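This report concerns only the one structure given below.
As the structure is a computational prediction, the values presented were derived from the model and not from experiment.
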Amino acid sequence: MSNEELCYDFSPMIKAYKDGRIERLLGTATVPPSTQPETGVQSKDVVISQQPAISVRLYIPKSAATKLPLLVYFHGGGFCIESASSPTYHDYLNSLVSEANVVAVSVEYRLAPEHPVPAAYDDSWAALKWVASHFDGTRKGGEEEDEDWITSYADSQRVFFAGDSAGANIAHHMGLKVGSDGLVGVKLIGVVLVHPYFWGSESIGVELNAPAAMREFMAAMWRFVNPLSSGSDDPLMNPEKDPKLGKLGCGKVVVFVAEKDVLKDRGWYYGEVLRKSGWNGVVEVMEAKGEGHCFHLDDLTCENAVAMQKKIVSFLNQV
């Protein structure tokens with residue numbers, strides 16, 4: 001068998017070969033934590049688990065003071081590419097932390113297919129429990145020494161989750177888990193979902209006119225990262241099918257969609273089903289005209305990206 005024989009081809013993201021080799025085509029570059037000269041935002045990496053390997057990149061703004069809203073961010077990449085240390089997300093978090101004046105925890109979760117879903121959810125929940133442990137009185141010192149950027153600057157009663165694409169999917173499910181299981185020590189105020197990666201077996205909206213190959217790509221991609229899934233109507237992928245949807249553990253959600261994104265109507269539909277679920281919070285959906293999936297990460301200074309960031313900044317600073 002040739003070692004070039006493909007098993008899966010999800011270009012331009014990732015390829016898997018029959019000999020077990022994985023080739024990531026995007027999202028492999030990394031940058032170290034730093035103090036960004038333009039904004040004064042500082043960042044550092046903290047390993048929170050050796051086995052499994054879970055870490056976070058922490059950010060504090062130049063004017064850090066007690067106590068600032070705490071944002072936990074989950075990066076996108078289809079559950080299989082990108083990282084918290086990629087230049088894309090490092091630049092984005094630097095910008096957002098500076099403008100919003102918040103403390104941020106960017107989660108480095110394990111990627112599929114080497115670590116299939118639900119590893120990303122498990123790691124993200126472990127990171128949240130680590131954050132909460134700074135406020136719930138369970139830390140014992142020694143190896144569990146407090147992370148001073150969290151204890152000194154983060155307000156445990158003003159916590160927000162956010163993510164883009166697959167990261168938005170994770171942010172949603174972490175919000176559900178807070179609602180069902182609780183997260184002692186912190187209060188989740190709101191969740192920000194940017195171009196969320198949801199899907200379903202029945203086409204809606206723009207999907208009705210999408211090429212069959214596109215729909216099959218989306219379904220196959222989910223099976224690739226979560227081989228044990230029941231399919232596109234798995235509650236992990238289709239919130240409408242989740243009986244726990246009404247238990248979302250916050251009072252406010254803002255969803256961003258992009259006009260030219262095939263996932264656009266999933267974001268709008270999420271708002272609809274969430275309102276009908278029995279959840280007693282407020283959800284808002286905003287659409288960027290003329291833009292594609294995660295457009296803001298390509299140019300943080302374009303008009304629609306600036307408008308989206310302004311909305312997120314306001315959302316993170318609500319009283």
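Judged purely by distance below 3.5 Å, without hydrogens or angles, the side chains of S124 and H173 never pair a donor atom with an acceptor atom. Between Y73 and D164, the side chains place a donor N or O and an acceptor N or O closer than 3.5 Å (distance only, hydrogens not considered). At a cut-off of 3.5 Å, with distance as the only test, no side-chain donor of N94 or T39 sits close to an acceptor on the other residue. For the residue pair E287 and W268, a side-chain donor N or O sits within less than 3.5 Å of a side-chain acceptor on the partner.
The closest side-chain heavy-atom distance from P69 to N317 is below 4.5 Å.
Residue pairs meeting the ring-ring contact (aromatic ring centres under 6.0 Å, His included) criterion with at least one member in residues 32-54: none, sequence neighbours excluded.
The environment of CD in E303 is sparse: at most 12 heavy-atom neighbours from other residues, nucleotides or ligands sit within 6.0 Å. By the neighbour-count criterion of 12 heavy atoms within 6.0 Å, atom NZ of K187 is sparsely surrounded, having that number or fewer from other residues, nucleotides or ligands.
A donor-acceptor pair under 3.5 Å is formed between the side chain of W279 and the backbone N or O of C250.
Aromatic ring orientation, H75 versus Y109: parallel (interplanar angle below 30°, classes split at 30° and 60°). Using cut-offs of 30° and 60° for the angle between ring planes, the W130 and H134 rings count as perpendicular.
Side-chain rings of H172 and Y197 stay apart, their centers remaining 6.0 Å or farther from each other.
Nearest heavy atom pair, residue S85 against residue R57, reads CB-NH2, 3.3 Å. Smallest separation of non-hydrogen atoms from P12 and L25: O-CB, 3.5 Å.
With sequence neighbours left out, M286 forms a side chain to side chain contact (heavy atoms under 4.5 Å, CB included) with F256, E284, K311.
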